[in-house]
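First comes the structure, then the notes that go with it.
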Amino acid sequence: MERHTDKTEPDFGKYEKRLLILLLFSAIPNAFSALQFLSTHYTPNYYCSEGEGEIQIVKNNASLTDLRNQSFVQAGSNESDWNANACLLRNSSFGAVNGSQKSEACKKFHFEGKLHTVISEFEMVCDKAWLKPMLTSFYMVGKMIGAMLGGFVSDRYGRRFGFLLFTVLQFVLSLVTRFATNIPMYGVFLTMAGVCSIANFEITVVIGSEMMSIKRRGLAFLCCEMGFSIGYMILALLTYLFVSWRWFLIFTGLFGVLYIPYYWLIDETPTWLLATGQRERAKEVLMKIAKYNGQECNSAASLSLIEAKLSQKEASATIWSTFAQMKTECYLIARLIVVLFSWCIASLTYYTITLNNDNWSGNRYINIFIGSLTEFFSSFLYYFGVTQLGRQKSYMGFMIFSSVAVASAPFLAKWNGIYAMVASMLAKLTVNVAYNVLYPYNNELFPTNIRTTVLAFSSAASRIGSMIAPFVIFAGESGDTMAPSIGMAVMIFASALSYLFLPETKNAKLPQTLEEAKNLNRASTTYTGESKDI
């Protein structure tokens, strides 16, 4: 496909540079919300605190006779010399000498250390351990609802309105969740927080895609991803500093005060204004950008850019009319199915590896920081991939590599746990690169009127994967990880191959209409118009 180039493309001015900084900074708190479970859902060592007499942690060399008339259990730890079950209350007063003991389920636990997490406060261990993955899935359900709601709000009421609304709600819900006093209340607040946590990030990505020039769309998402990575690094520090999950949520909620200036700094995208028929407002924003960049507001370049955009006949097509037309195009429907499947698999892989941090060996805070470094370096690999290899080849290549790493991890674990951890980190690195590619690629495959709506559907599909991830982790903690690892590897590989059916969009103009989206498949297509996708 012939790519569009234009020597009259506007310079990379002060406005665009400021916007990149705003995009980067806006993504930092998204990591606090999406990965909060690494802090709030950590399970400290624990033991049963029921029964008469002194509560003890029994070691292998302890004498049952010496502990007669005392209740005892093993602490919830990986130490091999603790021989009792932390979930059972054993009373040695019944035949302890001849080895017969009665036991019953423990109902009250003591958690070691100063950490005060959701798990320790609500005692979500043993027969209530299933609540941990369930609550995480509730949060992901909220994100699925929020993704669809955010896409609708953004396409219906504007990128700026949607971004500001969900940014405010994200911080408010973080503070509200802090006041949960029981598990049902916490689950409701957590679901509501999930609704608000994803929408502003998705809208931020769309704002970057629509406000930046063709060759800098990849740079716009790089800033969003780097912001998330920086937030991930800060999360490691916050996890260390805040021993109470409630204070962690208070801090992440009050962090929103720093984003009040965004009300004046973020503008509506001219692309959305034009797509909804608001031509005068689009012209005002373009003039504001030109003035901020020190250009003449009535310069020939600026006016020709405006007129070229304002003259598009199909710009005012509605969301629903566009979808109605799309239903008759089988290839576009197939394209949407491939995209939805890839989002689901990428999310499943990413969250299964990321949220499994507590099961890795070594210091948990260092492990979180290592995970954040992996995320940070993946953003640069992403930028190299989309600018040099293209969207299609980047996704396929990194997902195939991730498939191999995921499949090899359980085999390496039988040989050496360190090697398995390295394989998991390589899988996290590569799947994160592929996950990042999906955001700009998604925006480039569908027309303006439904761009964030399709992105919302895609993100909703990804939440199906993220809802499954906690249960994959939970199953791995109590059984063999071989089957789920091989199964995930096969699905990752299948997702990579499915991208053979999608067009390459590197350096292609953002499709404004359904016809332009269809023409991405035609090698002979030549786009006309300005390079600047507004």
Side-chain angles (χ1 to χ4, degrees), residues 24-46 75-78 109-125 132 135-136 139 167-181 186 189-190 193-194 196-197 200-201 225-260 351 353-377 379 421 425 428 470 473:
L24 185 151
F25 193 64
S26 70
I28 290 177
N30 290 114
F32 301 161
S33 178
L35 305 177
Q36 61 180 293
F37 306 106
L38 296 176
S39 175
T40 60
H41 282 198
Y42 176 71
T43 305
N45 293 338
Y46 61 93
S77 173
N78 293 326
F109 300 90
H110 174 81
F111 291 84
E112 293 187 313
K114 298 180 180 179
L115 286 179
H116 186 63
T117 68
V118 174
I119 306 302
S120 63
E121 178 169 336
F122 299 127
E123 297 189 342
M124 290 191 290
V125 294
K132 179 178 178 180
L135 287 170
T136 305
Y139 176 82
T167 297
V168 170
L169 291 178
Q170 175 181 254
F171 294 117
V172 170
L173 264 299
S174 180
L175 289 172
V176 170
T177 306
R178 170 257 179 269
F179 293 99
T181 57
Y186 176 74
F189 289 160
L190 196 63
C196 305
S197 66
N200 71 323
F201 182 79
E225 175 58 20
M226 287 184 65
F228 187 89
S229 303
I230 293 171
Y232 197 164
M233 293 180 185
I234 297 175
L235 177 70
L237 177 62
L238 298 181
T239 302
Y240 175 77
L241 293 177
F242 293 105
V243 297
S244 168
W245 68 278
R246 295 184 186 275
W247 279 106
F248 173 87
L249 292 178
I250 289 174
F251 177 85
T252 55
L254 293 179
F255 196 78
V257 173
L258 300 177
Y259 293 85
I260 293 177
Y351 280 103
I353 298 172
T354 302
L355 297 182
N356 198 38
N357 180 87
D358 291 344
N359 292 324
W360 298 346
S361 60
N363 186 285
R364 63 183 290 251
Y365 307 110
I366 295 177
N367 289 341
I368 295 175
F369 186 71
I370 291 174
S372 68
L373 288 180
T374 303
E375 194 105 9
F376 185 77
F377 287 124
S379 62
M421 181 177 177
M425 284 294 95
K428 175 179 168 60
I473 298 171

For Leu249 and Trp245, run side chain to side chain contact (heavy atoms under 4.5 Å, CB included): C-alpha distance rounded to whole Å, both residues' side-chain angles, the deciding distance at 0.1 Å, then the answer. CA-CA 6 Å; Leu249 292 178; Trp245 68 278; 3.6 Å; yes

Stepwise side chain to side chain contact (heavy atoms under 4.5 Å, CB included) test for Leu235 and Phe248: CA-CA 10 Å; Leu235 177 70; Phe248 173 87; 3.4 Å; yes

Count the heavy atoms belonging to other residues, nucleotides or ligands that lie under 6.0 Å from CZ of Phe255, then report whether that count exceeds 12. yes

Quick check for you: to the nearest 0.5 Å, what is the distance between Phe242 atom CZ and Leu237 atom CG? 8.5 Å

Does some side-chain heavy atom of Ile234 sit less than 4.5 Å from a side-chain heavy atom of Phe32? yes

Min side-chain heavy-atom separation Gln36-Leu190 under 4.5 Å: yes

Gly371 versus Lys428, closest heavy-atom pair with distance: O-CE, 3.3 Å

Should Thr40 and Thr117 be marked as a side chain to side chain contact (heavy atoms under 4.5 Å, CB included) after you check the CA-CA gap, both sets of side-chain angles, and the distance that decides it? CA-CA 5 Å; Thr40 60; Thr117 68; 5.9 Å; no

Let me confirm one number: the CZ-NE2 distance from Phe111 to His116, rounded to the nearest 0.5 Å. 10.5 Å

Residue pair Thr136 / Tyr351, side-chain donor-acceptor N/O under 3.5 Å: no

Would you please test Tyr232 and Ile368 for side chain to side chain contact (heavy atoms under 4.5 Å, CB included) and show each step? CA-CA 8 Å; Tyr232 197 164; Ile368 295 175; 3.9 Å; yes

Value rounded to 0.5 Å, distance of NZ in Lys114 from OG in Ser120: 14.5 Å

Suppose we screen for side-chain hydrogen bond (donor to acceptor under 3.5 Å, both in side chains). Which residues come up paired with Thr252, at least two apart in sequence or across chains? Ser174

May I have the step-by-step check of side-chain hydrogen bond (donor to acceptor under 3.5 Å, both in side chains) for Thr239 and Tyr42, ending in yes or no? CA-CA 10 Å; Thr239 302; Tyr42 176 71; over 6 Å; no

Backbone N or O of Arg246 within a donor-acceptor pair of the Arg178 side chain at under 3.5 Å? no

Please check this pair: side chain of Glu121 against backbone of Val118, looking for a donor-acceptor N/O pair closer than 3.5 Å. no

For the residue pair Leu115 and Tyr365, what are the closest heavy atoms and their distance? CD2-OH, 4.0 Å

Between Ser197 (side chain only) and Ala34 (backbone N and O only), is there a donor and an acceptor less than 3.5 Å apart? no

Output for pair (Leu173 CG, Phe189 CZ), nearest 0.5 Å, gives 8.5 Å

Heavy-atom check, side chain of Leu373 versus side chain of Phe369, under 4.5 Å: yes

Would you say the ring centers of Phe25 and Tyr259 fall short of 6.0 Å from each other? yes

Is there a donor-acceptor pair under 3.5 Å between the side chain of Lys132 and the backbone N or O of Ile119? no

Any idea which heavy atoms bring Tyr186 and Thr177 closest together, and the distance? CE1-CG2, 3.8 Å

Can you find a pair of side-chain heavy atoms, one from Met233 and one from Glu375, that are under 4.5 Å apart? no

Flag, side chain of Ser379 to backbone of Phe376, donor-acceptor distance under 3.5 Å: yes

With rounding to the nearest 0.5 angstrom, report the OG1 to CD1 distance, Thr167 to Ile260. 12.5 Å

